[in-house]
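All remarks here apply to the structure that follows.
This is a predicted model, so every value here is computed, not measured. This chain uses plain numbering: 1 for the first residue, then up along the sequence.
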Amino acid sequence: MAKHTIIGEALPNIPWEDKPAGSYDVVWRSSKNPVIPRNLIPSSNSIFNSAVVPFKGEFAGVFRCDDRARNMQLHAGRSKDGINWEINNERIQFICDDPEIGKFIYGYDPRVCWIEDRYYVTWCNCYHGPTIGVGYTYDFETFYQLENAFLPFNRNGVLFPRRIKGKYMMLSRPSDNGHTPFGDIFISESPDMIYWGKHRHVMSTVGGWQSTKIGAGPIPIETTEGWLLIYHGVLTSCNGFVYSMGAALLDLDEPWKVIYRCKNYIMSPQALYECVGDVPNVVFPCAALADAPTGRITIYYGGADTVVCMAHTQVDELIDYIKKNSF
Ligand code: BMA
């Protein structure tokens, strides 16, 4: 019996597979991986690091589709079951009041977050270098763009799914203009989604799989034990960066306070579609679906900067694992 640990809605049609018999893993891969192939649409070189949410009894999402000129673009998509997707061949054209901000150069690694009355989209947006773009949609057809949240350079902007003490909250990872060899997770708050401040440090890098840089992944999941944060951590090997998936619990009211943080990764690149692709050895989580009554969680992650994959876990099992293996 699940303990009703997740504070949230029921999602009875969450895509789901039970843990394979004999598995030691706390997070296990879908047997259908990769669920989105690199060439699902005619224009794509690769589709990966993408965000999925429940939408009108079905599912919708914003997808990172790098085109065949290797431009990084955002595309909208829909699915009845969260597994089989129809992705628009044309990229999202954001409507923006200010042409300087609305000028699209590149966009990647989207996150989508339902807050109050709409779906907010955050992504890595080029404005004199990478920073955090912010927009919203009601229907995944028309998208509006707001001000960038921060000055460049920044990546991995991840909103919380509700206001905390009246303020919108966003995690981010200040970076540089290239393949940043450092990076901690910070949090900022906003009264209006435009002005962001009160920046606080959340987590630093620490040895092993998360020793080079870390960045928030899916929208944090509210639980009775704290905000469940799934994130990526990077190790620099003699053959380049290795991206793994980790997890922590943050204080519900003061989410810059880390309550538990798992020493072990919860998934590392081991399957062929994570180890072979345009960028080898990458698992990069950007979204999670959760079903509160059963505690089921389905994570969407990019494999090797090439394909979209799914993995499953159960909240009580994952939280026990984080606590048992915490620093
Ligand atoms: C990061 C981002 C991600 C990518 C990762 C591995 O800097 O560009 O989109 O998955 O590198 O290449």
Side-chain angles (χ1 to χ4, degrees), residues 46-51 62-66 70-74 92 94 101 104-113 120-135 145-160 168-190 193 196-197 199-205 209-220 229-236 240-246 248 255-256 278-279 281-288 300-302 304-305 308:
S46 45
I47 308 178
F48 57 108
N49 301 5
S50 296
V62 175
F63 296 84
R64 171 174 176 174
C65 300
D66 290 8
R70 298 297 296 264
N71 298 308
M72 301 178 283
Q73 322 262 21
L74 303 176
I92 295 171
F94 286 93
I101 297 301
F104 185 87
I105 299 167
Y106 62 69
Y108 61 86
D109 298 356
R111 276 52 166 203
V112 179
C113 186
Y120 286 94
V121 185
T122 54
W123 69 95
C124 181
N125 185 41
C126 181
Y127 179 73
H128 302 276
T131 185
I132 308 301
V134 185
Q145 187 173 351
L146 302 170
E147 292 291 324
N148 294 319
F150 306 116
L151 294 168
F153 309 115
N154 205 319
R155 292 184 174 95
N156 299 300
V158 175
L159 288 163
F160 283 72
Y168 297 110
M169 307 289 286
M170 197 195 297
L171 300 165
S172 74
R173 210 278 306 290
S175 61
D176 68 12
N177 202 10
H179 299 294
T180 315
F182 62 87
D184 292 355
I185 298 177
F186 289 78
I187 194 166
S188 309
E189 66 171 55
S190 171
M193 278 282 173
W196 292 89
H199 314 292
R200 296 285 182 275
H201 179 262
V202 180
M203 294 199 305
S204 293
T205 54
W209 64 271
Q210 47 186 336
S211 51
T212 298
K213 53 181 170 176
I214 53 175
I219 304 307
L229 175 67
I230 295 169
Y231 64 99
H232 69 258
V234 180
L235 168 151
T236 305
F241 288 159
V242 178
Y243 282 69
S244 302
M245 201 187 295
W256 51 92
D278 284 350
V279 182
N281 305 320
V282 180
V283 299
F284 196 97
C286 284
Y300 289 80
Y301 67 97
D305 283 14
V308 176

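Residues P218 and V158 come closest through the heavy atom pair O-CG1, 3.5 Å. Residues G302 and F48 approach most closely at CA-CB, 4.1 Å, considering heavy atoms. Of all heavy-atom pairs spanning N125 and Q145, the tightest one is ND2-NE2, 3.6 Å. Closest heavy-atom contact between Y168 and W196: O-CZ3, 3.7 Å. Heavy-atom minimum distance, M72 versus F104: O-CZ, 3.8 Å. In terms of heavy-atom proximity, D305 sits nearest to D278 at O-CB, 3.9 Å.
One finds the CZ atom of F63 at 14.0 Å from the OG atom of S46 (value rounded to the nearest 0.5 Å). Here CG of L229 is found 10.5 Å from CD1 of I219. Values are rounded to the nearest 0.5 Å. A distance of 5.0 Å separates OG in S188 from NE2 in H199, rounded to the nearest 0.5 Å. Interatomic distance, T205 OG1 to L235 CG, rounded to the nearest 0.5 Å: 11.5 Å.
Looking at R155 and T180, their side chains do bring a donor and an acceptor atom within 3.5 Å of each other. Counting only N and O atoms by type, the side chains of N148 and T131 include no donor and acceptor under 3.5 Å apart.
The ring-ring contact (aromatic ring centres under 6.0 Å, His included) search around F241 returns none, not counting sequence neighbours.
Here the rule is side-chain contact (heavy atoms from CB on, under 4.5 Å) with W256, and of H201, M169, M203 only M169 fits it. Of the residues listed (I187, N156, I132), the one engaging M170 in a side-chain contact (heavy atoms from CB on, under 4.5 Å) is I132, and it is the only one. Among C286, P285, S244, the one residue that satisfies the side-chain contact (heavy atoms from CB on, under 4.5 Å) test with H232 is P285.
Taking the side chain as every heavy atom from C-beta outward, P174 and F186 approach each other to under 4.5 Å. Side-chain atoms of Y108 and N49, non-hydrogen and from C-beta on, never get closer than 4.5 Å to each other. In this structure the side chain of V242 never reaches within 4.5 angstrom of the side chain of W209, judged on heavy atoms.
Between F284 and Y243, the ring planes lie tilted relative to each other; the angle falls in the 30° to 60° range.
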